[in-house]
> 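Quick one: the structure is below, and I'll ask about it shortly.
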2 protein chains.
Amino acid sequence: MDNNTIFIEKLRSSGLRPTKQRIKICKLLFNRKKTFHFTISDIFKILKKQTYEKISLATIYNTVHSFKEKGYLKEISVDREKSYFDTNTSNHHHFLDVNTNELIDLKNEDVHNIKIKKRIPGKKINSIEVLVKIENSN
Amino acid sequence: MDNNTIFIEKLRSSGLRPTKQRIKICKLLFNRKKTFHFTISDIFKILKKQTYEKISLATIYNTVHSFKEKGYLKEISVDREKSYFDTNTSNHHHFLDVNTNELIDLKNEDVHNIKIKKRIPGKKINSIEVLVKIENSN
DNA sequence: CTAATAATTTATAATGATTCTAAAGTAGTG
DNA sequence: CACTACTTTAGAATCATTATAAATTATTAG
C-alpha cells in the first residue's frame with residue numbers, strides 16, 4: 001500500500017474528498033519522520049518549486065484550515081507576524097529560537113511539574129502551554 | 001505633583017518628547033490600579049469616545065510601539081488575530097479565557113516549579129512563558 | 001458508463017490590520 | 001525669536017488572510 005492510498009483513506013475517513021491538491025499537501029506535511037512546523041507561506045514556497053501544476057494560494061489556505069479542523073494539525077501562535085502549524089497534535093510545549101525564528105518541540109516529560117495555584121471561579125483549565133524562548137548563548 | 005508632571009518626567013527621562021498625545025495615552029494606560037491588557041484597537045476606540053481632539057491611528061501605533069521599546073509595555077501574543085499589550089512588564093504568566101478572549105495575569109508565584117530538562121547546544125534560555133487557557137466550567 | 005449533484009479549486013477582489021510617506025505642526029535649543 | 005529635529009497626521013501602500021463566483025472535479029444514482 002503506497003502513501004497515496006494511505007492519505008486517500010485518511011482524507012475520506014474524515015469526510016474530505018481526496019483531491020490531488022489535498023493528497024499533495026498531505027505528502028508534503030506528513031511524509032516526515034520529525035514533527036514539521038510551518039507557516040502557510042512556507043508551504044506555498046515549497047509547492048511552487050516542486051510542482052508543475054501549481055496549487056493556488058486559496059487552496060493552500062483552505063486545505064490547511066480543513067486539516068486543522070479535522071485534527072491533523074495544531075496551530076501555534078508565538079508572535080503576531082507568524083502563525084505556525086504543527087504536525088504534532090499531541091499536547092506538548094515549544095522552544096522558540098529567537099535568533100532563527102525556529103520552533104522546536106519539547107516533549108511533555110521535558111517540562112515537569114507545572115502547577116497552577118490560582119483558579120478563576122466558574123472557569124476550568126483547558127490547556128497549559130509553555131513557550132521557552134532561547135537565544136545564542138555566546 | 002499631578003499626573004501630567006509625572007508622565008512628562010517619565011517620557012523625558014527615556015528620551016521621548018512629552019507631547020499631548022503621548023501624555024494622553026500615558027494617562028489612559030498607566031492611571032490604573034490593575035494591570036491593563038489591551039489591543040491597539042481598544043485604545044483607538046476609547047480615545048475616540050473620550051477626546052474632542054482626536055489622536056490619529058498612526059500616532060497610536062507609533063506611541064504604543066515606542067512605549068514598548070522603552071520598556072513601558074510588554075507585547076503578548078496569544079493568537080494570530082490579536083496582539084495584546086500588557087502594562088505589567090515584569091516576568092509573569094497568563095490565563096486566557098477562551099470564551100471572552102480576556103487575558104488575566106498570573107503571578108509568578110501562582111505557577112511553580114517550571115523546570116525545563118531539555119537543552120539545545122549553543123543556546124540559552126531567554127524566557128519561559130506559560131499560557132493557561134481557561135473556559136466556562138459548566 | 002453517463003448524467004446529475006455536491007464539493008472543490010481557482011483567479012481575483014475584498015478586507016483588515018499594520019506600516020509607510022511626506023507634508024504640516026510642535027518642542028527643545030541657543 | 002529662529003532654527004533644527006522630532007512628532008503628528010491623513011492618506012496611500014502593503015501584507016496576510018478571507019470572500020466570491022465561475023469553472024472543474026469527485027461521487028452517486030441510474
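Just so it is clear: chains get the letters A, B, ... in the order the sequence lines come, proteins before strands, and each one is counted from 1.
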> If only side-chain N and O atoms of B:H65 are considered, is one of them under 4.0 Å from the OP1 or OP2 phosphate oxygen of C:dT19?
yes
> Rounded to whole Å, please give me the gap between CD1 in B:I60 and C1' in D:dT7.
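Distance check: B:I60 CD1 to D:dT7 C1' gives 15 Å.
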> Looking at every non-hydrogen atom in both residues, tell me the closest pair between A:V111 and A:I114 and how far apart they are.
CG1-CD1, 3.7 Å
> Check whether any side-chain heavy atom of B:T35 lies under 4.5 Å from a side-chain heavy atom of B:I104, and answer yes or no.
no
> On DNA chain C, does the nearest nucleotide to B:A58 precede the nearest nucleotide to A:T63 from the 5' side, or the other way round? Give the residue.
A:T63
> On DNA chain D, compare the nucleotides closest to B:S56 and B:G15; which residue's is nearer the 5' end?
B:G15
> Is any side-chain nitrogen or oxygen of A:Q21 closer than 4.0 Å to OP1 or OP2 of D:dT25?
no
> Taking side chain to side chain contact (heavy atoms under 4.5 Å, CB included) as the test, write out the residues that go with B:F30, two or more places apart.
B:F7, B:K10, B:C26, B:F67, B:Y72, B:L73, B:T87
> Once you round it to whole Å, what is the distance between P of D:dT7 and CZ of B:R22?
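It works out to 4 Å between those atoms.
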> Do you know which two heavy atoms are closest between A:I23 and A:P18, and how far apart they sit?
CD1-O, 3.8 Å
> Find the bend of the helix from C:dC1-D:dG30 to C:dG30-D:dC1 as the angle between its two terminal axes (five pairs each), to the nearest 10°.
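The helix from C:dC1-D:dG30 to C:dG30-D:dC1 shows an end-to-end axis angle of 30°.
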> Among C:dT10, D:dT27, C:dT19, which nucleotide sits nearest the side chain of B:Y61?
C:dT19
> Provide, to the nearest angstrom, the distance between the NZ atom belonging to A:K20 and the C1' atom belonging to D:dT24.
9 Å
> Could you tell me how far apart A:L11 (CG) and D:dA26 (C1') are, to the nearest whole angstrom?
13 Å
> Does a side-chain N or O of B:R17 approach OP1 or OP2 of C:dT26 to a distance below 4.0 Å, or not?
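The answer is no; no side-chain N or O of B:R17 sits under 4.0 Å from OP1 or OP2.
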> Quickly work out the A:D42 CG to D:dA16 P distance and round it to whole Å.
12 Å
> Is the shortest side-chain heavy-atom distance between A:D105 and A:H37 below 4.5 Å?
yes
> Contact class for A:T59 vs. all strands (heavy atom < 4.0 Å): base, sugar-phosphate, or nothing?
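Touches a base.
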> From the options D:dA10, C:dT10, C:dA17, select the nucleotide whose nearest atom is closest to the side chain of A:N62.
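Given the options D:dA10, C:dT10, C:dA17, the side chain of A:N62 is closest to C:dT10.
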> Would you find more than 12 non-hydrogen atoms of other residues, nucleotides or ligands less than 6.0 Å from A:K45 atom NZ?
no
> Would you please confirm or rule out a distance under 4.0 Å between OP1 or OP2 of D:dT27 and any side-chain N or O of A:R12?
yes
> Could you give the CD1-to-P distance, from B:I8 to C:dT26, as a whole number of Å?
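So the two atoms are 16 Å apart, to the nearest Å.
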> What is the distance, rounded to the nearest whole Å, between atom CD of B:E75 and atom P of C:dA17?
15 Å
> Please determine if a side-chain N or O atom of B:T19 lies less than 4.0 Å away from the OP1 or OP2 oxygen of D:dC6.
no
> Write down the distance between CD1 (B:I23) and C1' (C:dA27), rounded to a whole number of angstrom.
11 Å
> Salt-bridged, A:E129 to B:K133, with N to O below 4.0 Å?
yes
